[in-house]
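A quick note: this is a predicted structure, and the numbers were derived from the prediction, not measured. These values consider heavy atoms only, across backbone and side chains, with no hydrogens, waters or symmetry-generated copies.
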Amino acid sequence: MKVTNTSKALQGINTLQGVKYLEPGKSADAEFSESGLAQAKRLPFLSIEDDAGEPVDGGLDRDDLKKQAAELGLEYPRNITTEKLKELIDTKLAS
């Protein structure tokens, strides 16, 4: 999998080979355990793609979700995961 650090700080990720550090804006190939991948997907500053170049998070675009949440008048913590933000939006749309 290709992992990209989208933050402005050095970040560490736990891979099968041990901790790998990524400089801001840099990408690297990484292999994860199932729990390691789940953990990495929760980090908003990581962009993860599979070997075909498809987003591992199921194609959720965080910026689009933020815009949609703003349109719906939703308030949420800054550090909310992309998945949780989508759940908030889905709940609001279902009501």
Side-chain angles (χ1 to χ4, degrees):
M1 295 189 182
K2 179 181 172 186
V3 182
T4 303
N5 175 4
T6 61
S7 77
K8 295 180 181 181
L10 182 70
Q11 300 294 336
I13 54 173
N14 292 313
T15 69
L16 288 177
Q17 295 78 26
V19 176
K20 182 178 276 196
Y21 292 95
L22 292 174
E23 294 183 24
K26 299 294 181 178
S27 299
D29 289 326
E31 293 180 50
F32 296 98
S33 65
E34 189 174 321
S35 62
L37 178 59
Q39 183 181 40
K41 286 170 46 177
R42 288 192 299 265
L43 300 173
F45 52 81
L46 292 182
S47 171
I48 306 170
E49 298 176 355
D50 63 17
D51 294 333
E54 295 295 319
V56 172
D57 63 4
L60 299 177
D61 185 289
R62 188 169 180 81
D63 291 331
D64 288 341
L65 291 174
K66 286 180 176 181
K67 287 177 191 173
Q68 190 175 9
E71 290 170 3
L72 294 170
L74 292 174
E75 293 185 17
Y76 55 90
R78 229 181 79 198
N79 65 346
I80 192 171
T81 65
T82 302
E83 292 79 12
K84 289 288 184 190
L85 181 56
K86 178 157 179 25
E87 286 177 24
L88 280 175
I89 292 168
D90 291 344
T91 301
K92 176 72 172 182
L93 291 173
S95 63

So, Lys86 and Glu83, do they make that salt bridge, N to O below 4.0 Å?
no

Would you check if Glu23 and Asn5 make a side-chain contact, meaning some heavy-atom pair closer than 4.5 Å?
no

To the nearest 0.5 angstrom, please state how far the CZ atom of Phe45 sits from the CD atom of Gln11.
4.0 Å

Asp51 CG: over 12 foreign heavy atoms closer than 6.0 Å:
no

Could you grab the distance from atom OG1 of Thr91 to atom CG of Leu74, nearest 0.5 Å is fine?
9.0 Å

CG/Leu65 to CG/Leu88 distance, rounded to the nearest 0.5 angstrom?
10.5 Å

Could you go through the side-chain contact (heavy atoms from CB on, under 4.5 Å) check for Ile80 and Lys66 one step at a time?
CA-CA 11 Å; Ile80 192 171; Lys66 286 180 176 181; over 6 Å; no

Could you tell me if the side chain of Lys2 sits less than 4.5 Å from the side chain of Ile48, heavy atoms only?
no

Heavy-atom count check: over 12 atoms from other residues, nucleotides or ligands less than 6.0 Å from Tyr76 OH?
yes

Results of side-chain contact (heavy atoms from CB on, under 4.5 Å) for Glu75 - residues two or more places apart only
none

Got a second to check how far Lys84's NZ is from Thr82's OG1, nearest 0.5 Å?
12.5 Å

Side chains of Leu16 and Ser33 in contact at under 4.5 Å (non-hydrogen atoms):
yes

Residue pair Lys20 / Val3, side-chain heavy-atom distance below 4.5 Å
no

Rounded to the nearest 0.5 Å, what separation is found between the CG atom of Leu22 and the OG1 atom of Thr6?
10.5 Å

Supply the atom-to-atom distance Thr15 OG1 to Leu37 CG, rounded to the nearest 0.5 angstrom.
12.0 Å

